[in-house]
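Note that the numbering runs from 1 along the sequence shown for the chain. Hydrogens, waters and symmetry mates play no part in the numbers below; they use all other heavy atoms, side chains included.
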Amino acid sequence: MADRAGAPPRAWQRMLSGRRLDLLDPSPLDVEISDIAHGLARVARWNGQTSGEHAFSVAQHSLLVEAIFSKLVMDASPEAQLAALLHDAPEYVIGDMISPFKSVVGGGYKDCEHRLQRAIHLRFSLPAELGLGLRKDIKRADQVAAYFEATLLAGFSTGEATQFFGRPRGISADGFDVTPRSVTWAQNAFVKRFAALEKARGKSA
């Protein structure tokens, strides 16, 4: 749908920071951590089909993945930890599309997600494309987090979760925060962790 007669469809989103992020050609200069944290804290994992008073947000999921990643890869650099924290950052713009729907939509969604991820990485001085080893380590942490969330929050049996995400080996949910928290808590916790990693990298957040 065009914005007005004869005008092309609008392909940018205005952020609360005042930035206008073009989804067709996202610029790293239009990416702000405040917008990412704000958006991810308001996007529900599992389409909101989780137990608890609050939704389990993508911001909380990102914190969980980074914590699991840091546990599994004990010598991980702050850069690698930041990449883990930001692994779902494009969802602050495009939302958390569940895997079954991604299969229906197809490649266009992935192309948009990839463009956004590159811009986010460049904004925070990370490689536009992560190395294969790091991608695999983050994916493993993501799958472990999904298993914990599925069994503890989303009503999956251990058999179902194992089928779709694999059963974690050598790591349990003990010591990780999988309690759904408020939007404000999740947003603040995400910004705080980002700032700590930037400080560890020798950068000002």
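Heavy-atom minimum distance, A145 versus L64: CB-CD2, 3.8 Å. Heavy-atom minimum distance, P168 versus F148: CG-CE2, 3.9 Å. Taking both residues in full, the closest heavy atoms of T151 and A161 are given as CG2-CB, 3.6 Å, listed atom of the first, atom of the second, then distance. The shortest non-hydrogen separation linking L63 to A186 is CD1-O, 4.5 Å. Between Y92 and D30, the shortest heavy-atom distance links the atoms OH-O, 4.4 Å. For D142 against H87, the heavy-atom pair with the smallest separation is OD1-NE2, 3.5 Å.
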ask   = Run the side-chain contact (heavy atoms from CB on, under 4.5 Å) check on R115 and L23 step by step: do they pass?
value = CA-CA 8 Å; R115 287 194 297 270; L23 299 185; 5.7 Å; no

query = side-chain contact (heavy atoms from CB on, under 4.5 Å) between L134 and V73: does it pass, once the steps are laid out?
reply = CA-CA 10 Å; L134 179 54; V73 187; over 6 Å; no

task = Kindly determine whether L152 and Y147 satisfy side-chain contact (heavy atoms from CB on, under 4.5 Å), including the steps that lead there.
result = CA-CA 8 Å; L152 297 175; Y147 179 92; over 6 Å; no

Derivation of the side-chain contact (heavy atoms from CB on, under 4.5 Å) call for S57 and R42 = CA-CA 6 Å; S57 68; R42 288 161 175 78; over 6 Å; no

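Under a 3.5 Å cut-off, the side chain of E53 and the backbone N or O of P180 do not form any donor-acceptor pair.
Going from atom CG of L72 over to atom CD1 of I171 covers 4.5 Å, rounded to the nearest 0.5 Å. The structure places CG of D88 at 7.5 Å from CG of L40, a figure rounded to the nearest 0.5 Å. A distance of 12.5 Å separates CG of L197 from NZ of K192, quoted to the nearest 0.5 Å. Atom CD of residue Q117 and atom CG of residue L126 lie 9.0 Å apart, to the nearest 0.5 angstrom. From S27, atom OG reaches atom CZ of R20 across 12.5 Å, with rounding to the nearest 0.5 Å. To the nearest 0.5 Å, atoms CZ (F69) and CG (L82) are separated by 10.5 Å.
By the criterion of side-chain heavy atoms lying less than 4.5 angstrom apart, applied directly or through intervening Ile, Leu, Val, Met, Phe, Trp or Tyr residues, V144 is grouped together with F164 in one hydrophobic cluster. Tracing side-chain contacts under 4.5 Å through hydrophobic residues (I, L, V, M, F, W, Y), one reaches L86 starting from V43; they form part of the same cluster. L122 and I36 sit in two unconnected hydrophobic clusters of ILVMFWY residues. Membership requires side-chain heavy atoms under 4.5 Å apart, directly or through other members.
Remark: the S17 side chain and the D35 side chain contain an N/O donor-acceptor pair separated by less than 3.5 Å.
Legend: residues meeting side-chain hydrogen bond (donor to acceptor under 3.5 Å, both in side chains) with Q13, ordered by chain and number and at least two apart, are absent. Partners of Q143 under the side-chain contact (heavy atoms from CB on, under 4.5 Å) rule, at least two apart in sequence or in another chain, are K139, F165. Taking the salt bridge (Lys or Arg N to Asp or Glu O under 4.0 Å) definition, one finds that R181 meets it with D177, sequence neighbours left out. Residues passing the salt bridge (Lys or Arg N to Asp or Glu O under 4.0 Å) test with E79, sequence neighbours excluded: R201. Contacts of E129 classified as side-chain hydrogen bond (donor to acceptor under 3.5 Å, both in side chains), with partners at least two apart in sequence or in another chain: H114, R118. Looking at residues two or more places apart in sequence or on another chain, you find a side-chain contact (heavy atoms from CB on, under 4.5 Å) between A67 and F176. Residues passing the side-chain hydrogen bond (donor to acceptor under 3.5 Å, both in side chains) test with E149 are R45, W46, H61, sequence neighbours excluded. By the side-chain contact (heavy atoms from CB on, under 4.5 Å) test, R169 pairs with no residue at all, sequence neighbours left out. For the side-chain contact (heavy atoms from CB on, under 4.5 Å) test, residues two or more places apart in sequence or in another chain that qualify with A44 are A55. The side-chain hydrogen bond (donor to acceptor under 3.5 Å, both in side chains) test applied to R193 returns E66, not counting sequence neighbours.
Counting heavy atoms from C-beta on, the side chains of I120 and P90 come closer than 4.5 Å. At a threshold of 4.5 Å between non-hydrogen side-chain atoms, the residues F190 and I33 count as touching. Within the 4.5 Å cutoff, side-chain heavy atoms of V93 are placed close to those of M15.
Sorted by first then second residue, the ring-ring contact (aromatic ring centres under 6.0 Å, His included) pairs that include residues 117-143, not counting sequence neighbours, are F124-F194. Among residues at least two apart or in separate chains, there is no side-chain hydrogen bond (donor to acceptor under 3.5 Å, both in side chains) pair with a member in residues 155-166.
Residue R140 qualifies as open at atom CZ: its count of foreign heavy atoms under 6.0 Å is 12 or below.
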